[in-house]
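In the text below, chain A, chain B and the rest are named by the order of the sequence lines, each starting its count at 1. What's counted below: heavy atoms across the whole structure, side chains too, no hydrogens, waters or symmetry copies.
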2 protein chains.
Amino acid sequence: MTALPRRSAPHPFVRKVESVALFTLTEDERAALCALPMQVAQFDAYRDIVREGDRPARCFAVLDGFVSTYKTTLSGKRQIAAFHVPGDVPDIQSLHLKLLDNSISSIGPCRVGFVQHDAMRALFQAHPRIGDVFWRISLIDAALVRQWILNTGRREAYPRMAHLFCEVMTRLDVVGLAPERTCSLPMTQHELADALGITPVHVNRTLGDLTEAGLITLRSRRLTVHDWDRLTAIAEFDPTYLHLGCRDSE
Amino acid sequence: MTALPRRSAPHPFVRKVESVALFTLTEDERAALCALPMQVAQFDAYRDIVREGDRPARCFAVLDGFVSTYKTTLSGKRQIAAFHVPGDVPDIQSLHLKLLDNSISSIGPCRVGFVQHDAMRALFQAHPRIGDVFWRISLIDAALVRQWILNTGRREAYPRMAHLFCEVMTRLDVVGLAPERTCSLPMTQHELADALGITPVHVNRTLGDLTEAGLITLRSRRLTVHDWDRLTAIAEFDPTYLHLGCRDSE
DNA sequence: GAAATGTACTAACATAGATTGATATTTGCA
DNA sequence: TGCAAATATCAATCTATGTTAGTACATTTC
């Protein structure tokens, strides 16, 4: 059981809350957030952190690494609905929906921090504005999923993959994890396939096409975008749906 | 400007809130809900009710008819992310996200009731439990969209369409609008195509296949399911994700 | 440092679904 | 009532993506 460092440098979780809030946290609010009792756990790659059907009494924040929300078909096909990066709370919904309707697993090895629902609820009770921020966070998550439906339903594999790369790069950039259009991308081609709704073989082809076009390179789990403008054009990427907006533009 | 009838029979909006709440509303809460000032408006078919990019100061409940949440690609392709039925509040997210990232339009002709954000916020302030119910509602909406990603990404047109029919039928049944496995389905094949992520031509073929198999009939905007068990089997339909659960099972 | 395993990559072939365009059939409306 | 506009239907052809079945690298493990 650890508490977050009260004063130290930006913890991804605190930073995320601050970045989504439409106001500046008071010293009090910030302190309460940092005082959340958090049980840190480490996971290897490809481990389920929670499973569809669970009734968890806690939720968790990603502290390090990538995590994916997915569902499977009875016949075993798998679809990843979202990736989560440090600072995200991928199962925030468990606070209000007892029964989890999706699984969440680690991509590469990762570290997460579990927080009891009761602690969250107490926090929201004491600081309603923080509760609102978390509502906002869950609404933004929903917006990403809606965008993803547009991608899988109405874009072909090539622009669809381009769009995924644009999104990941942008989200990581916000948290300072994508300097010079380069970022970690720990998923295998098989996982990319499950996210894009295509087969691993076709991922490989499409990846080859994007590379050959001089748009990106993906080697040893690092993604580099060489021509951001062309990539965003192909993807028709418009980051509005990410709701990163500076407070006023929002 | 009308207020909801205080005592009269189930208004779909109130009924929805009651059905999603994990507790029984107090007389006070129910009264406050009914006292929400609501501006009723009528829309013809295919009218945008709100548009992507709007910054609305109000949200709305569907009172009658169907409504769809959709996004479009720059190149004009359209993807419907969700259908909404009477009682739903399709743009509840506008309460916390200033900028709308999807459009919502009527399917057939429909009636909606607009409620100012301020009125909603006041309601939540006075009755925090009702605020929690709306948070819950928005989380359930998100769960539906996640399920829909699994469908578009990992199921072929035939089971995908079957799944859509199962979902619509089930949701309408809950509000008492699907007696004897028959319900209104006011959308054209073109709109079905936009929801399923396929072309209208292929909708027609697939619809023909489902009909020929004796599973359904869809005529003059009415859907009848003849063999619910086989349809749900083909769709691999499991309603858990709808979170309709009786309170305790939830 | 050999074996075992997980990834990445390739090629040949199969197919679900897209596209186009023509024709029926409804439906709404004057 | 009947015409115009939406919808639905059908057929022929084309293509993006799936399937299957490999080989070739990397890692990890002992």
Side-chain angles (χ1 to χ4, degrees), chain A residues 44-47 66 73 75-79 105-109 151-164 184-213 216-223 234, chain B residues 42-47 66 73 75-79 105-109 151-164 184-213 216-223 234:
Chain A
D44 289 343
Y46 320 124
R47 294 280 182 267
F66 279 57
T73 258
S75 32
K77 285 175 219 153
R78 182 164 172 271
Q79 176 69 40
S105 79
S106 57
I107 300 280
N151 291 339
T152 52
R154 289 304 188 199
R155 287 201 236 265
E156 310 200 321
Y158 189 73
R160 198 186 304 173
M161 183 179 280
H163 200 285
L164 177 60
S184 157
L185 201 85
M187 45 271 212
T188 64
Q189 294 190 3
H190 191 95
E191 286 170 307
L192 276 176
D194 284 343
L196 294 166
I198 59 180
T199 51
V201 173
H202 201 52
V203 165
N204 192 270
R205 280 194 283 249
T206 310
L207 215 40
D209 293 346
L210 283 170
T211 307
E212 211 170 305
I216 58 144
T217 54
L218 177 54
R219 234 200 337 264
S220 52
R221 313 277 130 117
R222 305 232 97 224
L223 171 70
I234 286 164
Chain B
Q42 177 91 33
F43 286 87
D44 290 342
Y46 319 124
R47 294 280 181 266
F66 280 56
T73 257
S75 34
K77 287 176 219 152
R78 182 165 171 272
Q79 176 70 40
S105 79
S106 57
I107 300 282
N151 291 338
T152 53
R154 290 305 188 197
R155 287 202 237 264
E156 311 200 323
Y158 189 73
R160 199 187 303 174
M161 182 178 280
H163 199 285
L164 177 60
S184 159
L185 202 83
M187 45 273 211
T188 63
Q189 294 189 4
H190 191 94
E191 287 171 307
L192 276 176
D194 284 343
L196 295 166
I198 58 181
T199 51
V201 174
H202 201 53
V203 165
N204 191 269
R205 281 193 283 250
T206 310
L207 215 40
D209 292 347
L210 283 169
T211 307
E212 210 170 306
I216 59 146
T217 55
L218 177 54
R219 237 202 332 266
S220 52
R221 312 279 130 117
R222 305 232 97 225
L223 171 70
I234 286 164

Participant: Give Y158(A) one of three labels, base, sugar-phosphate or nothing, depending on what nucleic acid heavy atoms sit under 4.0 Å from its own.
Facilitator: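 It contacts nothing in the nucleic acid.
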Participant: In whole angstrom, what separates H202(B)'s NE2 from dA16(D)'s C1'?
Facilitator: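 After rounding, the reported distance stands at 13 Å.
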Participant: Heavy-atom nearest nucleotide on DNA chain D for V201(A) versus R160(A): which residue maps closer to 5'?
Facilitator: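 Nearest nucleotide further toward 5': that of R160(A).
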Participant: Which whole-number value in Å describes the distance from I198(A) CD1 to dG18(D) C1'?
Facilitator: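 Taking atom C1' of dG18(D) as the reference, CD1 of I198(A) is at 11 Å.
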Participant: In a check of side chain to side chain contact (heavy atoms under 4.5 Å, CB included) between M161(B) and each of N151(B), D209(B), L210(B), which one passes?
Facilitator: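 With M161(B) as partner, side chain to side chain contact (heavy atoms under 4.5 Å, CB included) holds for just one option, L210(B).
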Participant: Quick one: label R221(A) by what it contacts on the DNA or RNA (base, sugar-phosphate, nothing), any heavy atom closer than 4.0 Å.
Facilitator: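 Here R221(A) touches the backbone only, sparing every base.
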Participant: Can you check side-chain contact (heavy atoms from CB on, under 4.5 Å) on R222(A) and S184(A), steps first, answer last?
Facilitator: CA-CA 5 Å; R222(A) 305 232 97 224; S184(A) 157; 3.7 Å; yes
Participant: So, is N204(A) near the phosphate of dA8(C), with a side-chain N or O under 4.0 Å from OP1 or OP2?
Facilitator: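 Checking N204(A) against dA8(C): no side-chain N or O falls below 4.0 Å of OP1 or OP2.
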Participant: Would you mind classifying the nucleic acid contact of T199(B) as base, sugar-phosphate or nothing, using non-hydrogen atoms under 4.0 angstrom?
Facilitator: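 T199(B): base contact, heavy atoms under 4.0 Å.
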Participant: Using a cut-off of less than 4.0 Å, is there contact between a side-chain N or O of Y46(B) and OP1 or OP2 of dA5(D)?
Facilitator: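 Checking Y46(B) against dA5(D): no side-chain N or O falls below 4.0 Å of OP1 or OP2.
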Participant: So for R205(B) and dA18(C), does any side-chain atom that can act as donor or acceptor lie under 3.5 Å from a complementary atom in the base?
Facilitator: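 It does, because a donor-acceptor pair links the side chain of R205(B) to the base of dA18(C) below 3.5 Å.
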Participant: Going through the checks in order, is the side-chain contact (heavy atoms from CB on, under 4.5 Å) test met by R160(A) and L164(A)?
Facilitator: CA-CA 6 Å; R160(A) 198 186 304 173; L164(A) 177 60; over 6 Å; no
